[in-house]
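Structure first, commentary second.
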Amino acid sequence: MADTERVSSEFVDSQVAIFYASQTGNAESISHSLYSTAVQRGFSATWHVLDDHGKAAFNDVRTAVFVVSTTGDGDPPDNSARFWRVLRKATRDKATAYAHLRFAILGLGDSNYSNFCNTAQRLERQLVEAGATAFYGTGLADDGTGLEDVVEPWIEGLWPALARVAQCSSIKLAEAEDISKGGDTVISAKGIAGQGSSISAVDMVVASVSSLSLTHNPSVPQPIHVDFTPLASLKAITGAARLAPAVCAIVQVETGSSAELAAPDDADYPPWHAALAGGMAEDAFLVPFLATVVSCTQLTTTAALKRTVLMELDVSGRDAEHARENWQAGDAFNVYAPNDARAVAAVLARLGVGVADAHRPVLLAARDAGGALPAHLQCFAGTAASVYSMLRWAADLGAAPRKQELRALADYCGEAVDRDRLLFLSSRQGAAAFDALRRLVPSIVDILHAFPSCRPPVERLLDLLPPLVPRAYSLCCAPHGDSARWRFAFNVVEYRVDPATADPAPADPAAIVRSGLCTPWLEALACASPPRRILVARRRSTVFRLPPQPDARPVIMVGPGTGVAPFVGFLEQRAHELRASGAVPPPTWLFFGCRSQASDFLFRTQLEQWRDSGVLGRLTLSFSRDAGSDTKYVQHAMALHEDELAELLLTKDALLFVCGDAKGMGRDVNDALAGILCRYTHARPELTAALLAAPEPAAPSRALSKPEALQLLARWTADHRYLRDLWA
Ligand code: NAP
């Protein structure tokens, strides 16, 4: 990378804007590290969430780097919704709206789900359509196989490409080159050869479990089996992950006056919750507020594999006025859930932070002048909070570790064996060991236990851990009954996996026990007296809603398990409309599936009543584990009725809604639908011509092929005729 090449280019500009759109915090954290490194490399960089493109004067930005993730069924993250509207409008108004922009995109996704990295691909397409030019190829990183495989090399390649289009200062450049040497090339692994001989099969278990109970206790470290044998034969560890610079510093503040915490540390919501409203002026309805838990009902019997619970929240408070307005059946909302208090205490104890220090109000600041705190910690620059509450509510203690995190932790080990193992895990040589580790999804409690001499300062851990993001749930009610009551259903599960393979191992007493973060907490709160308040927020509305009446189009709904939740809301809405106006609803058909009619047929009484009263035209059931059930899964039941379904879809313009698990059900139902369309057009080939994306010269009299049927489904999705609310 020649300096002259960098400065002589006619395109050279001084500013680089780094944008992120993140749902779970990965894109945010990668973009932040990218930003810090860019600054260290001497680029004049800024860092923004994509929805803040206004503040970044996006229309004037000439060089931009985007790190964007994909969520749900190929959807962009919530914190980019405004940006897409602006981009669409700009493109519509002027075809060359972004002709001044050069960009690079890093996309994050998971190839286990459909529409892999859709956000990045869509962004690239739309920017190009708006006249912008890519200065570096788009990277598509796959969480299914390990994001790092693409992220690390993509970032390495970015710097020379960026240097050709953006200027960086020469002083900083020298520092940056030092950093790159230290962070990425050969790292000495002194003493490894000596240790190697002592690594035995027993050594492969780097942490052992102290006790196992039926109810998962996240403060108890779980065993992590990783094979470190290859480390023994290495002379040096090469290609370790880049070392992300430390960002946060703790600023002590006077107790009393402004440093008082807004709520006690043991509240059921983040003590600083008022500070979360900052920057939401344009979307005031998304501002979080406190709701009261009023009831909790178990919807499954004790024989069910998963316990499903229906919870009701009272959202009648004055601070919820903005959230009560205009919500509809089909909407979803966020719950702010904390890390388990025992896990937080375990981490603090392990880092040597005493109780008084942990609960003292402090502020956070960027260590370096001009540096920025990660977005999820920025509110602590102006709002005092305890380190305990930051760890409890802001940092994800349970997220699977990333290579950068392991690389950084290596620097805080007192023992060479721990340091080398962490370096190895973060390196290219340790890819297999890292994959094995990731599959086990160890928490930070497990990691700190596995590497006993590792003791990072708490502020370093705060900037390394990903943000703890709120959990989303579909409402299973309609506003017509009582708009100040929100009901939602969730599963409370505890599962066991084999510590060596991460495969399910329900009966193995030595298995790793895992549970959800939010649902066990919610369930415990439900039993508490007096009623507890939790922090919730509306989510941006989607198109997953019934069309306003009158609309005669038939409605087909497919929702196995808790995927039925929004349809309970739809049917409540229909029942209300029937009562209010006497209007007979258009044909409505629900495909519901569960494991057993006796144990987990959710909302059975209500669904049967609606069917009997004509609110729900048809209810078709599948029971996957009941001997004698006609059909196992919803898609099998759909296939049994395929002619009627195809007729509704192809000749009656029916709306098709699917809700539930994205990974298995969502994909399989889509596939089954394509098969149904192919078979139906085989019997009625005269329909095919009108269904093709590109008309053929002579109207074909043939069936749709599978790719054509899949294309048709994709077009229906774009036209909001086939609506999917799929959850990972
Ligand atoms: P689930 O685990 O999806 O199971 C429901 C039924 O679907 C079971 O009978 C299951 O059978 C079956 N099933 C398994 N694989 C399938 C496949 N490939 N195709 C069709 N059916 C299949 O139900 P759940 O636990 O309630 O989960 C529903 C999903 O929806 C979750 O991913 C959840 O996150 C999501 N969701 C949640 C909410 C919410 O608000 N919490 C709302 C909507 C959706 P077997 O187990 O016998 O194979």
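Both ligands and their constituent atoms are indexed starting at 1 by order of listing.
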Return the residue, atom name and 0.1 Å-rounded distance of the protein heavy atom closest to [atom].
{"atom": "atom 24 (P) of ligand 1", "result": "Asn491 ND2, 3.3 Å"}
{"atom": "atom 27 (O) of ligand 1", "result": "Thr562 OG1, 3.6 Å"}
{"atom": "atom 42 (C) of ligand 1", "result": "Ser474 OG, 3.3 Å"}
{"atom": "atom 18 (N) of ligand 1", "result": "Asp668 OD2, 2.8 Å"}
{"atom": "atom 13 (N) of ligand 1", "result": "Tyr633 CE2, 3.4 Å"}
{"atom": "atom 7 (O) of ligand 1", "result": "Pro560 CB, 3.8 Å"}

Going by heavy atoms, is Ala489 under 4.0 Å from ligand 1?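 It does; at least one heavy atom falls under 4.0 Å.
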
Just checking Phe544 against Phe657, ring centres under 6.0 Å apart?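 Distance test on ring centres: under 6.0 Å, yes.
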
Taking the ring of Phe333 and the ring of Phe488, is the distance between their centroids below 6.0 Å?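 Aromatic pair counts; centres sit under 6.0 Å.
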
Any ion pair linking Arg538 and Asp283 (charged N to carboxylate O, less than 4.0 Å)?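 Answer for the salt bridge query: no.
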
[options]: member with heavy atom nearest to [atom]:
{"atom": "atom 36 (N) of ligand 1", "options": "Phe592, Trp727, Tyr473, Phe490", "result": "Trp727"}
{"atom": "atom 8 (C) of ligand 1", "options": "Ala304, Gly660, Ser624", "result": "Ser624"}
{"atom": "atom 1 (P) of ligand 1", "options": "Arg471, Met665, Arg595", "result": "Arg595"}

Is the contact between [X] and ligand 1 made by the side chain, the backbone, both, or neither, using heavy atoms and a 4.0 Å cut-off?
{"X": "Gln635", "answer": "side chain"}
{"X": "Asp661", "answer": "both"}
{"X": "Lys306", "answer": "side chain"}
{"X": "Arg625", "answer": "side chain"}
{"X": "Cys594", "answer": "backbone"}

Pair Asp51, Arg540 - check salt bridge (Lys or Arg N to Asp or Glu O under 4.0 Å), show working. CA-CA 13 Å; Asp51 262 355; Arg540 223 174 272 285; 3.7 Å; yes

Please state whether the rings of Tyr633 and His636 are parallel, tilted or perpendicular, taking 30° and 60° as the class boundaries.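 It falls in the parallel class, under 30°.
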
Which residues satisfy the salt bridge (Lys or Arg N to Asp or Glu O under 4.0 Å) test with Asp643, sequence neighbours excluded?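 For Asp643, no residue satisfies salt bridge (Lys or Arg N to Asp or Glu O under 4.0 Å) once neighbours in sequence are set aside.
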
Establish, from distance only, whether the side-chain atoms of Asn118 and Thr70 form a donor-acceptor pair under 3.5 Å.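 No, no side-chain donor-acceptor contact under 3.5 Å.
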
Considering residues at least two apart in sequence or located in another chain, which fulfil the side chain to side chain donor-acceptor pair (under 3.5 Å) criterion with Lys706?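 So Lys706 forms a side chain to side chain donor-acceptor pair (under 3.5 Å) with Asp671.
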
Tell me whether Arg471 forms a cation-pi arrangement with Trp521, defined as NZ or CZ under 6.0 Å from the six-membered ring centre and within 45 degrees of its axis.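 Relative to the ring axis of Trp521, which defines the angle, Arg471 lies outside at least one limit.
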
Which residue is it: Thr297, Asn491, Thr519, Thr300? I am looking for the one with a side-chain hydrogen bond (donor to acceptor under 3.5 Å, both in side chains) to Thr308.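 It is Asn491; the other options fail the test.
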
With a cut-off of 4.0 Å, which atoms of ligand 1 are near a heavy atom of Gly561?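 Heavy-atom distances to Gly561 below 4.0 Å select 5 (C), 23 (O), 26 (O).
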
Where ligand 1 meets Cys659 - atom numbers and elements under 4.0 angstrom, heavy-atom basis: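 Counting atoms of ligand 1 from 1, those under 4.0 Å from Cys659 are 43 (C), 44 (C).
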
Verify salt bridge (Lys or Arg N to Asp or Glu O under 4.0 Å) between Arg545 and Asp551, making sure each step is shown before the conclusion. CA-CA 13 Å; Arg545 290 171 160 189; Asp551 187 300; over 6 Å; no

